[in-house]
> 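Supplied in structure tokens, the structure appears directly below.
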Amino acid sequence: MKKLFLIPLFIFALSVKAQEVKQNYNFSLEQAISQALTNNYSAINAGRDIEASKEKKWETTASGLPQISAGVDYANNFVLQKSLIPAEFFGGKKGDFATVAFGTTHNMTAHATLSQLIFDGSYIVALQASKTYMKYYQNAKQKSDVEIKEAVINAYGNVLLAEESIAILEKNKTTLEKTFADTKETFKNGLIEEENVEQLQITLTSINSTLNYNKRLVEVAYKMLKITLGININDDLKLTDKLDSLTASNLDLTFSQNEFVVTNNVNYQMASNYEEQKQLEYKLEKSKALPSLAANLNYGYNAFGNQFAFFTPNQSWLNYSNLGVSLRLPIFSSLARSSRAQQAKIAVEQAKTQLTETEQKLKLQFANAKSEYEFSIEEYSTAKTNLNLAERIEKKQQIKFTEGLSSSFDFSEAQRQLYSAQQNYLQSMVSIINKKAALEKVINK
């Protein structure tokens with residue numbers, strides 16, 4: 001019995017262990033974008049919205065197609081309803097009434113109905129609206145994809161920034177540790193003051209703190225990227241692109257000179273779709289003044305008896321059938337229909353105004369994104385120049401400090417200037433990538 005209990009426990013343990021197996025991924029930026037567009041959680045649900053809208057479209061279409069329904073009704077009249085009739089019908093006295101029960105204890109009806117909508121203005125508008133409804137979710141999916149792409153680029157760049165920062169800090173730490181060790185030896189020989197050693201120790205402590213922070217930061221950045229890609233945060237992920245190569249591939253001033261076609265922007269398309277919806281709602285209200293025509297065909301059988309014997313061979317079933325046509329003519333609604341139509345017309349005008357506002361805002365957004373991208377390229381060039389200058393200044397100060405021609409304060413200041421220039425340079429590279437992504441988002445590339 002104990003062995004039988006251990007078998008399912010062992011199987012469960014194996015299944016849990018299998019679930020904990022990590023996946024390994026190696027992505028360039030383009031591969032990461034492709035992965036996210038398929039597996040990002042928002043992308044998956046946006047795709048499901050499109051599928052649901054297709055089903056909704058068919059639901060609307062089917063409402064105007066033939067409809068067939070069937071049913072069986074059973075009634076047990078355990079107390080029959082009584083009626084009063086003149087007693088003289090049965091030989092009684094004139095003026096007296098006799099109590100009579102009509103009907104049978106058991107009644108059953110089997111029936112089927114075929115109905116068909118022949119004409120209804122609301123149905124025609126609903127068919128048009130279902131296409132607009134599906135188009136809305138297609139636009140929403142496109143917008144989701146554009147936003148996911150930008151999110152992947154930003155998250156990918158943040159990981160590279162953290163990794164490059166760690167690499168530079170490690171290099172700075174190694175160089176500073178050697179200088180610190182040499183300075184301590186010089187101090188021991190009594191050739192310099194202790195303040196020089198302490199100043200370098202402060203700088204080294206600061207680098208260690210910043211390095212530890214960036215090591216924690218890179219873990220968070222990786223997890224954020226994994227969530228954006230739609231993979232488990234415990235999976236192993238390696239990025240194959242480098243920050244400098246991505247920066248070089250995004251340095252394209254001619255790209256920002258392309259003409260902006262506002263109708264290509266998904267936000268404009270969604271605003272246009274919204275206006276179309278309001279137009280259809282207005283059309284729907286006007287269609288309610290039109291007549292509607294429908295037809296139905298009914299066929300069925302009735303059976304009656306004081307005993308429940310409906311499924312015996314001797315049971316008698318009485319059939320019936322009828323064809324019906326229903327015509328509805330709206331005549332007067334005390335101007336309620338007119339009021340609803342006017343409200344829908346006002347909503348159309350509001351949607352047109354919103355579309356114009358969206359167009360103007362998008363033009364402004366493009367101008368701003370273009371300016372930001374061009375400025376990021378200028379900042380990158382400036383940061384690169386400043387980094388070269390800071391490296392030369394720091395190197396000169398290090399030589400002077402080693403030869404006793406410069407104070408520890410001047411050397412530390414040169415180091416801080418170099419470290420700041422290094423971070424500004426890295427930030428300028430990431431800024432180019434992000435600003436290019438923001439511009440691509442506006443022009444819907």
> Checking Asn298 against Asn322: is there a side-chain donor and acceptor pair closer than 3.5 Å?
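Note: Asn322 and Asn298 side chains meet the donor-acceptor criterion.
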
> For the pair Ser249 (side chain) and Leu246 (backbone), establish whether a donor and an acceptor sit closer than 3.5 Å, ignoring hydrogens and angles.
yes

> To the nearest 0.5 Å, how far apart are CZ in Arg216 and CG in Leu211?
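So the CZ of Arg216 and the CG of Leu211 are separated by 10.0 Å.
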
> Any donor-acceptor pair under 3.5 Å linking the side-chain atoms of Gln35 with those of Asn40?
no

> Quick one, Asn158 and Met224 - any side-chain contact, counting heavy atoms below 4.5 Å?
no

> Does a side chain donor of either Asp73 or His111 reach within less than 3.5 Å of an acceptor in the other side chain?
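His111 and Asp73 do have a side-chain donor-acceptor pair below 3.5 Å.
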
> Is there a donor-acceptor pair under 3.5 Å between the side chain of Thr210 and the backbone N or O of Ser206?
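Indeed, once roles are kept as given, a pair shorter than 3.5 Å links the two residues.
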
> Ignoring hydrogens, what is the shortest heavy-atom contact between Ile148 and Thr228? Give both atom names and the distance.
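In this case the closest contact between Ile148 and Thr228 is O-CG2, 4.5 Å.
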
> Can you confirm whether Leu160 sits close enough to Leu239 that some side-chain heavy atom of one is under 4.5 Å from a side-chain heavy atom of the other?
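Side chain of Leu160 against side chain of Leu239, heavy atoms only: contact under 4.5 Å found.
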
> Is the closest side-chain heavy-atom distance between Asn196 and Phe411 below 4.5 Å?
no

> Indicate whether the side chain of Lys226 and that of Asn232 have a donor and an acceptor atom separated by less than 3.5 Å.
no

> Quick check: does any side chain N or O of Ser245 sit under 3.5 Å from a backbone N or O of Lys242, one acting as donor and the other as acceptor?
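The answer is yes, because a donor-acceptor pair under 3.5 Å joins these two groups.
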
> Between atom CG of Leu439 and atom CD of Gln365, what is the distance when rounded to the nearest 0.5 Å?
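Here the interatomic distance stands at 10.0 Å.
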
> Between Lys215 and Glu219 (salt bridge meaning N to carboxylate O under 4.0 Å), is one present in this structure?
no

> Would you say the rings of Tyr156 and Phe27 are close, in the sense that their centroids are separated by under 6.0 Å?
no

> Can you name the one residue among Lys184, Gln415, Gln398 that meets side chain to side chain donor-acceptor pair (under 3.5 Å) with Thr179?
Gln398

> Please check if the number of heavy atoms outside Lys288 that lie under 6.0 Å from its NZ is greater than 12.
yes

> Flag the pair Arg48 and Glu51 as a salt bridge only when some basic side-chain nitrogen lies within less than 4.0 angstrom of an acidic carboxylate oxygen.
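Result for this pair is no, no salt bridge flagged.
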
> Taking only Lys NZ, Arg NE, NH1 and NH2, and the carboxylate oxygens of Asp or Glu, determine whether Arg416 and Glu413 approach each other closer than 4.0 Å.
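Counted as a salt bridge, because a side-chain N and a carboxylate O are separated by less than 4.0 Å.
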
> Return yes if some donor-acceptor pair links the side-chain N/O of Ser338 with the main-chain N/O of Leu335 below 3.5 Å, else return no.
no

> Could you tell me whether the side chain of Lys54 reaches within less than 4.5 Å of the side chain of Met134, counting heavy atoms only?
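The answer is yes; the side chains approach within 4.5 Å.
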
> Under a 3.5 Å cutoff, is there a donor and acceptor pairing between the side chains of Ser115 and Gln67?
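Result is no, nothing qualifies.
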
> Would you call Glu440-Lys149 a salt bridge at under 4.0 Å N-O?
yes

> Just verifying a value: how many Å separate Leu229 CG and Asn39 CG, rounded to the nearest 0.5 Å?
8.5 Å

> Could you tell me the separation between the NZ atom of Lys384 and the CG atom of Leu389, rounded to the nearest 0.5 Å?
13.0 Å

> Could you check whether Glu275 pairs with Lys278 (Lys NZ or Arg NE/NH1/NH2 to Asp/Glu carboxylate O, under 4.0 Å)?
no

> Can you tell me if Phe409 has over 12 outside heavy atoms packed within less than 6.0 Å of its CZ?
no

> Taking all non-hydrogen atoms of both residues into account, name the closest pair between Thr60 and Ser63 and its distance.
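For Thr60 and Ser63, the tightest heavy-atom pair comes out as O-OG, 2.6 Å.
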
> Specify the closest pair of heavy atoms between Val152 and Leu225, including all atoms of both residues, with the distance to one decimal.
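Closest heavy-atom pair between Val152 and Leu225: O-CD1, 4.2 Å.
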
> Do Val266 and Gln269 have side chains that approach each other closer than 4.5 Å (heavy atoms only, starting at C-beta)?
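Counting from C-beta outward, Val266 and Gln269 do come under 4.5 Å.
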
> Within the side chain of Thr61, is there an N or O that forms a donor-acceptor pair under 3.5 Å with the backbone of Lys57?
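The answer is yes, because a donor-acceptor pair under 3.5 Å joins these two groups.
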
> Roughly how far, to the nearest 0.5 Å, is the NZ atom of Lys441 from the CD1 atom of Ile153?
11.0 Å

> Name the one of Asp182, Thr175, Thr174 that satisfies side chain to side chain donor-acceptor pair (under 3.5 Å) with Lys178?
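Output: one option passes, namely Asp182.
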
> Does Tyr213, at its OH atom, have more than 12 non-hydrogen atoms belonging to other residues, nucleotides or ligands within less than 6.0 Å?
no

> Would you check, one step at a time, whether the test side-chain contact (heavy atoms from CB on, under 4.5 Å) holds for Tyr320 with Tyr301?
CA-CA 6 Å; Tyr320 69 92; Tyr301 284 89; 5.9 Å; no

> Kindly compute the distance separating CD (Gln201) from CG (Asn208), expressed to the nearest 0.5 Å.
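Rounded to the nearest 0.5 Å, the CD-CG separation comes to 10.5 Å.
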
> What are the two closest non-hydrogen atoms of Asp244 and Met429, and how far apart are they?
CA-SD, 4.1 Å

> Step by step, work out the salt bridge (Lys or Arg N to Asp or Glu O under 4.0 Å) result for Lys173 and Glu170.
CA-CA 5 Å; Lys173 178 182 176 182; Glu170 293 280 9; 5.1 Å; no

> Would Gln277 and Asn273 count as having a side-chain donor-acceptor pair, cut-off 3.5 Å?
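Short answer, yes.
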
> With a distance cut-off below 6.0 Å to the six-membered ring centre and an angular limit of 45° from the axis, does Lys286 pair with Tyr282 as a cation-pi contact?
yes

> Describe, in one word, how the ring planes of Phe310 and Tyr74 are oriented to each other, choosing from parallel (under 30°), tilted (30 to 60°) and perpendicular (over 60°).
perpendicular

> Mind listing the closest non-hydrogen atom pair of Leu29 and Asp241 along with its distance?
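Residues Leu29 and Asp241, closest heavy atoms: N-OD2, 2.8 Å.
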
> If we only count heavy atoms from C-beta on, is the Met108 to Asn302 side-chain gap below 4.5 Å?
no

> Looking only at non-hydrogen atoms, find the nearest pair between Gln423 and Ser165 and report the distance.
OE1-OG, 3.5 Å

> Looking at Glu195, I'd like to know if its CD atom is crowded, meaning that more than 12 non-hydrogen atoms belonging to other residues, nucleotides or ligands lie closer than 6.0 Å.
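12 or below, so no.
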
> Within the supplied structure, the quantity of interest is the number of heavy atoms (other residues, nucleotides, ligands) at a distance under 6.0 Å from Tyr222 OH; does it exceed 12?
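Yes, the 6.0 Å shell around OH holds more than 12 heavy atoms from other groups.
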
> Is it the case that atom CH2 in Trp58 sees more than 12 heavy atoms from other parts of the structure closer than 6.0 Å?
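No - once you tally the heavy atoms of other residues, nucleotides and ligands closer than 6.0 Å, there are 12 at most.
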
> Flag the pair Pro291 / Leu327 as yes when at least one side-chain heavy-atom distance between them is below 4.5 Å, and no otherwise.
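Sidechains of Leu327 and Pro291: in contact.
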
> With the side chain counted from C-beta on, respond yes when Lys141 and Tyr137 share a heavy-atom pair under 4.5 Å apart, and no when they do not.
no

